[in-house]
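Working notes, beginning with the structure itself.
Chain letters run A, B, ... following the sequence lines, proteins first, then strands; residues in each count from 1. Values in this document were obtained by computation on a predicted structure and should not be read as measured data.
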There are 2 protein chains.
Amino acid sequence: MGNSTPYRRTQTERTRASREKILQAAIEFFSKNGFRGAKLADIAQAAGLTEPGLLHHFPSKTHLLMQVLDERDRIDKQRVQMILQQEGNHVLEAFQDIVNHNATVPGLVQLFTVLVAESLVAEHPAHAFFVQRYQRTRASLVESIRKAQQAGEIRADLKAEDLAILMTAIMDGLQVQWLLEPETMDMRQAFGVFLNLLKAK
Amino acid sequence: MGNSTPYRRTQTERTRASREKILQAAIEFFSKNGFRGAKLADIAQAAGLTEPGLLHHFPSKTHLLMQVLDERDRIDKQRVQMILQQEGNHVLEAFQDIVNHNATVPGLVQLFTVLVAESLVAEHPAHAFFVQRYQRTRASLVESIRKAQQAGEIRADLKAEDLAILMTAIMDGLQVQWLLEPETMDMRQAFGVFLNLLKAK
DNA sequence: TACAACTTACCTAGTGAAAGGTAGGCAAGT
DNA sequence: ACTTGCCTACCTTTCACTAGGTAAGTTGTA
């Protein structure tokens, strides 16, 4: 068994740590400057590597981007799932929890806000990813909303599909205003007002 | 007086036409690729000029960006003002008209969607512009909403400030989904559903 | 357990292709 | 006589990515 001083480690451990640091740094720069604006050199440096050192782990900038997105998306999905289970039948509370959590991770919120806008053009490497992601997210929201409507939690006179679109739009839109003025904007409170509009009387 | 054949024109006329073509081309490429991703050479070519030819009219890429934004913002403000007057006291109808109009100009909608996301980082040349624009827009919305509340058009149990934030968020958020899937998404319809939530019963 | 053969992680140095902007000129317009 | 609109040619920097090497870690075999 190899010992575990910082200098002598197993390769698998080194690799894991490096990839992790790279992904972390990539999030930082992609979220600040988008895919196009981010420089591999900066990401590499923040991860404690040189540029070719980074490219040893991820064959190209595009691969790095997709890896970041897949990874983050996976974690996101898990967390949402967890919150929904945790709140049981209180769907509105679960929605609020999601927004409350987002309000604690501006970097990640900005990552998606910046990248989705950049990828509106069909040629962007992440375009298909985001189209899919939105379809999936809305479909999942429809399920939750329908459940809440049947439980009498959300007003039932509106189509779940429409509400899912609005819910998605509100979250995205609030994030933009919040990221522009983090001090002023209370995203959680504003979202709460929206949820109130949906409550079955 | 100069004659007006395409080749021999007055300088002022040539200048005006060139600037106009440049601004038009700039909108096209800024909206597709953002500020960073747009290439001056492409914009120049689309305007029928070389790169230095373009730079004769706008001293730098950044100047061109700000000019585009100021110009478009001015026109936008005017149109919103016009719609509000036209609809008189029907504020909700006016809001719907604004969205309906936006649905006919995807290029312009994308311009702002892409640029605001890119400019979330404080160092972006358009950052201050967008912070101001959002403050102004919301303030103007607050006025309209308040008026509609007093007229019994919008439910009065909610703060106009909160509703202005939500209205802005919904518009922005719907635009993202619409630009991602222009065929599928009916932005106007979805916005109508939201407006219904606000109607005084 | 020892050591040779290999694989892996990462580096230095370099390449080539953008891309924004400059210098200076020329011809048309004033 | 001058100013303006636009061009050709050029410069500089940036940036993703490649070539090739080195040292550390890993594995197979006696």
Nearest-angstrom distance from the residue atom CZ of B:Phe58 to P of D:dG5: 12 Å

Taking only N/O atoms, report every protein-nucleotides 6-10 of chain D pair under 3.5 Å with atom names and distance.
residue	atom	partner	partner atom	Å
D:dC6	OP1	B:Ser18	OG	2.9
D:dC6	OP2	B:Ser18	OG	3.3
D:dC6	OP2	B:His57	NE2	2.2
D:dC7	OP2	B:Thr50	N	2.9
D:dC7	OP2	B:Thr50	OG1	2.7

Interface with DNA chain D, restricted to residues 29-38 of chain A and to heavy atoms under 4.0 Å: A:Ala38

Nearest non-hydrogen partners of B:Ile22 and B:Ile43, listed with the distance: O-CG2, 3.9 Å

Nearest-angstrom distance from the residue atom CZ of A:Arg19 to C1' of C:dC10: 16 Å

Shortest non-hydrogen separation from A:Glu118 to A:Phe35 and the atoms involved: OE1-N, 2.7 Å

Before accepting this row, confirm whether a basic side-chain N of the pair A:Glu143/A:Lys147 lies closer than 4.0 Å to the acidic partner's carboxylate O. no

Once you round it to whole Å, what is the distance between C1' of C:dT8 and CG of A:Leu55? 16 Å

More than 12 non-hydrogen atoms from neighbouring residues, nucleotides or ligands closer than 6.0 Å to NZ on A:Lys77, yes or no? yes

Check every strand shown and say whether B:Leu40 touches a base, only sugar-phosphate, or nothing at a heavy-atom separation below 4.0 Å. sugar-phosphate

Write down the distance between CD (A:Gln45) and P (D:dC15), rounded to a whole number of angstrom. 13 Å

Heavy atoms from C-beta onward define the side chain here; which of C:dG20, C:dT22, D:dC15 lies closest to that of A:Lys39? D:dC15

Does any non-hydrogen side-chain atom of A:Val116 lie less than 4.5 Å from one of A:Tyr134? yes

Taking the basic N atoms (NZ, or NE/NH1/NH2) and the acidic carboxylate oxygens, is any pair closer than 4.0 Å for A:Arg19 and A:Glu71? no

Under a 4.0 Å N-O cut-off, is there an ion pair linking B:Asp42 with B:Lys32? no

Length of the CD-P vector between A:Gln11 and D:dT26, whole Å: 5 Å

Contact check, side chains of B:Gln96 and B:Phe191, non-hydrogen atoms, under 4.5 Å: yes

